[in-house]
Amino acid sequence: MNILLINHYAGSLKHGMEYRPFYLAREWVRLGHRVRIIASSQSHIRAQAPQLHGQNQLDDTVDGVGYRWVATPAYRGNGAARVANMLAFVTHLHLHARRLAAEFAPDVVIASSTYPLDIWPAHRIARFAGARLLFELHDLWPLSPIELGGYSRWHPFIMLLQAAENYACRNACAIVSILPKVRDHLEAHGMAPHKLHIVPNGADPAEWLAAPPALGGIAGARLAALRRDGKFIVGYAGTHGLANALDTLLDAARLMADQRIAFVLAGGGPDKPRLVQLAMQRGLRNVHFLDPVPKREVPALLAYFDVAYIGWQRQRLYRYGIAPNKLIDYMMAGRPILHSVEAGNDPVADAACGLTVAPQDPVAVAHGLLAMFTLDRQERAAAGERGRAYAMANLSYPVLARRFLQACA
């Protein structure tokens, strides 16, 4: 089968996030399918941009997966420049739809760019090729900018996004959603009930089953020192942004200053400078900030954590479910998890691999961490192993790629 996957922000192990398109495509290639990913040259989440050297597009291959990078204008932030970048990408696809259909002859065309505007050129390509059309839902747009960003439903760009989501619900042959509780929302916008397939985010088991490289540099030295001092390490690894509610973790750390617990926050992000300053102002000597570590060293980083923490803001949007990558990493690392959330689903409860407490509640987080701190070491280890077994059975990309292909049939 020839699969054409349109994902504006697609990355790879070479380029950095977003990894999901690459991992799925690589599994499909291993199963004997031919895959081409079409992505924008510009993405705010990639670590390394493809080098087009003035060309309008560039064909590339990464670990057997074919890529076509489309030149788009650079942008920063979430303003007009980002919208222009989106429109440039989907316009290119629309104008070259007939050529793409003839060149690649896809059997399946997947529109998968977080924002839904790519459904229109994807449908055009699918019509020219006589292919099946799939829509992959990552986040709910335009509901996310409405509920999280405060945009009006009558903003012209929001109305355009809503028209695209409605079009996808009516015209896609199947819809694959990362979020598990979206059925009612999508049916309200025109999706027939039989179209929905749930395929959450996942992990590559090969990255976790192999012996991880040693964690070097300052991060390794500081964590080793905390371990020598007999500290119980509560760790967070990932982006430091407002959505991650790390203020709550700092507030909990202040409540637990008299315990033998070290709080380690590893990663970067727009909110990190403020969080570092806040910890300094409060004199939180039990809080330690580390720089991001290379992806290949994440297993070694997580191995130092006695408990892995993930928190969320209290948001109604999460009623449709969550599928965070860092939570899956925690599970694959066999770490017991403290989950601070209120959402339509709870993978930690499903896997019985930790505790779940209320979001944005420092007292609840402190009580949850104290319960895990006083838990027998073997019981914590057993919780971590339950998480690993759950992830291997339900959230590994070899499993998820096959499940996704059921929607393509």
Side-chain angles (χ1 to χ4, degrees), residues 7 9-13 16-27 45 112 114 136-139 176-181 197-210 212 234-239 241 243-245 266-267 269 292-305 307-312 318 320-341 343-356 380-381 383-404:
N7 187 301
Y9 305 105
S12 72
L13 295 180
M17 293 175 65
E18 174 181 353
Y19 295 113
R20 175 183 170 93
F22 168 77
Y23 283 130
L24 287 171
R26 188 174 64 176
E27 292 300 326
I45 56 176
S112 174
T114 304
E136 185 181 23
L137 176 69
H138 296 250
D139 297 325
V176 173
S177 175
I178 293 174
L179 307 175
K181 301 294 183 180
H197 300 255
I198 304 300
V199 182
N201 280 322
D204 175 14
E207 296 177 359
W208 297 92
L209 296 178
V234 174
Y236 170 86
T239 301
N244 308 111
V293 304
K295 181 175 172 59
R296 67 182 181 278
E297 295 183 12
V298 169
L301 169 71
L302 298 185
Y304 277 101
F305 295 177
V307 170
Y309 172 82
I310 178 171
W312 304 74
Y318 301 144
Y320 297 109
I322 55 173
N325 285 304
K326 69 171 66 66
L327 181 56
I328 301 166
D329 287 346
Y330 291 170
M331 288 182 174
M332 293 296 292
R335 299 298 87 196
I337 299 167
L338 194 286
H339 196 195
S340 175
V341 70
N345 68 313
D346 183 2
V348 171
D350 293 341
C353 63
L355 292 177
T356 299
R380 286 198 304 270
E385 286 305 314
R386 288 193 295 271
R388 192 201 309 269
Y390 180 89
M392 287 294 295
N394 300 282
L395 303 173
S396 69
Y397 274 113
V399 171
L400 298 176
R402 291 177 183 274
R403 191 187 305 176
F404 200 117

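Model, not experiment: these values are computed from the prediction.
Every residue two or more places apart in sequence or in another chain that forms a salt bridge (Lys or Arg N to Asp or Glu O under 4.0 Å) with Lys295 is listed here: Glu207. In terms of the side-chain contact (heavy atoms from CB on, under 4.5 Å) criterion, residue partners of Pro180 (sequence neighbours excluded) are, by chain and number, Ile198, Asn345. Scanning for salt bridge (Lys or Arg N to Asp or Glu O under 4.0 Å) contacts around Arg335 gives an empty result, with sequence neighbours left out. In terms of the side-chain contact (heavy atoms from CB on, under 4.5 Å) criterion, residue partners of Asp329 (sequence neighbours excluded) are, by chain and number, Trp208, Leu302. By the salt bridge (Lys or Arg N to Asp or Glu O under 4.0 Å) test, Glu136 pairs with Arg20, sequence neighbours left out. Contacts of Leu395 classified as side-chain contact (heavy atoms from CB on, under 4.5 Å), with partners at least two apart in sequence or in another chain: Pro200, Ile328, Met331, Tyr390, Ala391. For Thr356, the side chain to side chain donor-acceptor pair (under 3.5 Å) partners two or more places apart in sequence, or in a different chain, are Asp346. Remark: Asn325 engages no residue in a side chain to side chain donor-acceptor pair (under 3.5 Å) (not counting sequence neighbours). Take Asn394 and apply the side chain to side chain donor-acceptor pair (under 3.5 Å) test, not counting sequence neighbours, and it matches no residue. Every residue two or more places apart in sequence or in another chain that forms a salt bridge (Lys or Arg N to Asp or Glu O under 4.0 Å) with Arg26 is listed here: Asp63, Asp204. Taking the side-chain contact (heavy atoms from CB on, under 4.5 Å) definition, one finds that Ala383 meets it with Pro336, Arg386, sequence neighbours left out. With sequence neighbours left out, Tyr318 forms a side chain to side chain donor-acceptor pair (under 3.5 Å) with no residue at all.
Looking at Tyr19, its side chain never comes within 3.5 Å of a backbone N or O of Leu13 through a donor-acceptor pair.
Of all heavy-atom pairs spanning Ala237 and Leu301, the tightest one is CB-CD2, 3.9 Å. When all heavy atoms of Pro324 and Trp312 are compared, the pair lying nearest together is CG-CZ2, 3.5 Å. Ala203 and Met332 get closest at one heavy-atom pair: CB-CG, 3.7 Å.
Atoms CZ and OH, on Arg388 and Tyr330 in that order, are 15.5 Å from each other to the nearest 0.5 Å. Considering CZ of Arg402 and OG of Ser396, their distance stands at 10.5 Å, rounded to 0.5 Å. Remark: Lys181 NZ to Tyr320 OH distance equals 13.0 Å, nearest 0.5 Å. Rounded to the nearest 0.5 Å, atoms OG1 (Thr114) and OH (Tyr9) are 6.5 Å apart. To the nearest 0.5 Å, the span separating OH on Tyr309 from NZ on Lys326 amounts to 10.5 Å. Interatomic distance, Ile310 CD1 to Leu327 CG, rounded to the nearest 0.5 Å: 5.0 Å.
With no hydrogens or angles considered, a side-chain donor-acceptor pair links Ser112 and Asn7 at under 3.5 Å. There is no side-chain donor-acceptor pair under 3.5 Å between His197 and Ser177.
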